[in-house]
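A short worksheet on the structure shown next.
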4 protein chains.
Amino acid sequence: MSFEFLPDKPIYQQLIDRITGELIRGVIRPGEKLPSVREYAVEAGVNANTMQRVYKELEGMGITETKRGQGTFVTENPERLQTLREERKAQLIADFLRDIEALGFTREEITDYMTGRGRND
Amino acid sequence: MSFEFLPDKPIYQQLIDRITGELIRGVIRPGEKLPSVREYAVEAGVNANTMQRVYKELEGMGITETKRGQGTFVTENPERLQTLREERKAQLIADFLRDIEALGFTREEITDYMTGRGRND
Amino acid sequence: MSFEFLPDKPIYQQLIDRITGELIRGVIRPGEKLPSVREYAVEAGVNANTMQRVYKELEGMGITETKRGQGTFVTENPERLQTLREERKAQLIADFLRDIEALGFTREEITDYMTGRGRND
Amino acid sequence: MSFEFLPDKPIYQQLIDRITGELIRGVIRPGEKLPSVREYAVEAGVNANTMQRVYKELEGMGITETKRGQGTFVTENPERLQTLREERKAQLIADFLRDIEALGFTREEITDYMTGRGRND
DNA sequence: GTGGTCTAGACCACG
DNA sequence: GTGGTCTAGACCACT
């Protein structure tokens, strides 16, 4: 097994996105133990160092906690996960709107297009 | 004078976005002569090599044409500009939707949020 | 029952510090019998291997003695406890002063701050 | 040339401490360009990856900014450096006092010792 | 030239 | 077994 990665974004970033995405969707739950660095590295088809970096970054984000010699666990604190979700959403949208305007589109034109109105007119 | 650039996106990309955005908004018009690479580089506060790359990519995109000894001009072809506009829009949205899913959100949740419905319910 | 441990220091070290601290404060007295490795491990909420290591290091430091079949006892020798106390103090301070200098502070600035002078001037 | 490193602390941490120390002492000034990752790595006698990590961590701390293709610079913002200094000092002392108490010493006993009174009595 | 990412493989301390 | 650090060497995008 080995994941598919986009060529234009760092692998470690895509892995972070993937894991936080699973957290947001509830695939991974608070308190749950994540696979070991080495296990996950093999599963994802990346080097252990790359996975190590992912785990460290997640810990820096307050998403995981590591218990020495035992492994890495999703933080029990559900608030953090909730704010994570909202932060992500707000950031995603802010970036998108910024791009829209930089390229000369209006917000309405884009949202109309996305909600399907653009295709039916 | 020197433009403001976001730290997370290549400067040359931001310049391309800027120029195509001005094209889409009509700030720059078909047939119009663009500043020389050196002039524009100074104005933007970037290295001449960076500006050179911008012009080269714009030409590769079929947006500009170089007339030797005269300078760089926006293509006269209005169809190209129209397709450019649509290509950009489609690309922008496709990327956005990809990110949404990668991070565990649903398309509806995001569009609701963007169109304001998410805040009023 | 299970002790609280700081995340950045080895658990076995924190346990050694705790026990020597109790010795210094007189909570534990020379000649006193310590709990068995297993008992103490359960009480502290740590792995028995970890506790084993703590006892081993304490014995290596000359703080405890093991009487086969009877258990582990704090050394009767009061001089050893006295030197232990001084060694600890000197080590603690030496490390602290080293850190101070490594980070660009002067010894005076820090001691002034600690003794309260830094806040009242 | 190659720096001396203590064996019990990660090299990258010691390098971070060193650089922030130079910042605190004013050896390095706001806006100044730091040596390139590779240069500094050679000078310190460490691998370029290790130095890379140091620079990234510094950036994460808000101490440096990197201008793509140009290098890494100390942030111009002097407030950040000031708070850095105070944070460092407070952290250093808090850790020290914690250790003191964990080991059964009183704060007075230690500060007396450090300010020289302990040696003259 | 610059910072940044990735791999491969080794070694360590901790529990 | 776990996470963490370090080296060596390669490759990439950006300026």
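We name chains A, B, ... by the order of the sequence lines, and we start the count at 1 in each one.
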Between C1' on F/dC6 and CD1 on D/Ile16, what's the gap in Å once rounded to a whole number? 14 Å
d(CD, C/Gln14; P, E/dC14) in whole Å: 11 Å
I need the CD-P distance between B/Gln13 and F/dC14, as an integer number of Å. 8 Å
Indicate, with a heavy-atom threshold strictly under 4.0 Å, whether A/Glu59 touches base, sugar-phosphate, or nothing. sugar-phosphate
How long is the line joining CG of A/Asp8 and P of E/dC6, in whole Å? 12 Å
Rounding to an integer number of Å, can you tell me how far A/Tyr40 OH sits from F/dG3 P? 13 Å
So for atom CZ, which belongs to B/Arg98, do other residues, nucleotides or ligands contribute more than 12 heavy atoms lying within a distance under 6.0 Å? yes
Given Watson-Crick or G-U pairs with both distances under 3.5 Å, what dot-bracket string fits DNA chain E, with | for other-strand pairs and [ ] for crossing? ||||||||||||||.
Write down the distance between CG (D/Leu15) and C1' (F/dC6), rounded to a whole number of angstrom. 12 Å
What residues in residues 63-72 of chain A put a non-hydrogen atom under 4.0 Å from any atom of DNA chain E? A/Arg68, A/Gly69
List the atom of A/Tyr12, the atom of A/Val54, and the distance in Å for their closest heavy-atom pair. O-CG2, 3.6 Å
Looking only at side-chain N and O atoms, does A/Arg38 come under 4.0 Å of OP1 or OP2 in F/dT2? no
Which atom pair, heavy atoms only, marks the closest approach of A/Arg80 to A/Gly62? CG-O, 3.3 Å
Tell me: CE of A/Met51 to P of E/dT7, nearest whole Å? 11 Å
Flag if over 12 foreign heavy atoms under 6.0 Å of CZ, D/Arg25: yes
Is the C/Phe96 ring parallel, tilted or perpendicular to the D/Phe96 ring (thresholds 30°, 60°)? parallel
Given B/Glu59 and B/Thr66, is the side chain to side chain donor-acceptor pair (under 3.5 Å) satisfied, shown in steps? CA-CA 8 Å; B/Glu59 189 164 4; B/Thr66 298; 3.0 Å; yes
When the nearest nucleotide of DNA chain E is assigned to A/Lys9 and to D/Ser36 on a heavy-atom basis, which residue is associated with the more 5' position? D/Ser36
When you check the gap from the basic side-chain N to the acidic O, do A/Asp99 and B/Lys9 get nearer than 4.0 Å? yes
How long is the straight-line distance from CZ of D/Arg18 back to CD of D/Gln13, given to the nearest 0.5 Å? 14.5 Å
Nearest to the side chain of A/Gln52 - E/dG4, E/dC14, F/dG3? F/dG3
What's the CG-P distance between A/Leu58 and F/dG4, to the nearest Å? 11 Å
Got a second to check how far D/Lys56's NZ is from D/Met51's CE, nearest 0.5 Å? 15.5 Å
N/O (side chain, A/Thr50) to phosphate O (OP1/OP2, E/dT7) under 4.0 Å: yes
Against the side chain of A/Val37, the closest entry in F/dT7, F/dG3, E/dC14 is F/dG3
Establish, with yes or no, whether the OP1 or OP2 oxygen of F/dT5 is under 4.0 angstrom from a side-chain nitrogen or oxygen of D/Tyr12. yes
Picking from C/Leu58, C/Thr64, C/Ile63, C/Ile24, what satisfies side chain to side chain contact (heavy atoms under 4.5 Å, CB included) with C/Ile19? C/Leu58
Of B/Asn47 and D/Gly45, the one whose nearest nucleotide on DNA chain F sits closer to the 5' end is D/Gly45
Between D/Ala48 and B/Asn49, just flag the one whose closest nucleotide in DNA chain F comes earlier from the 5' side. D/Ala48
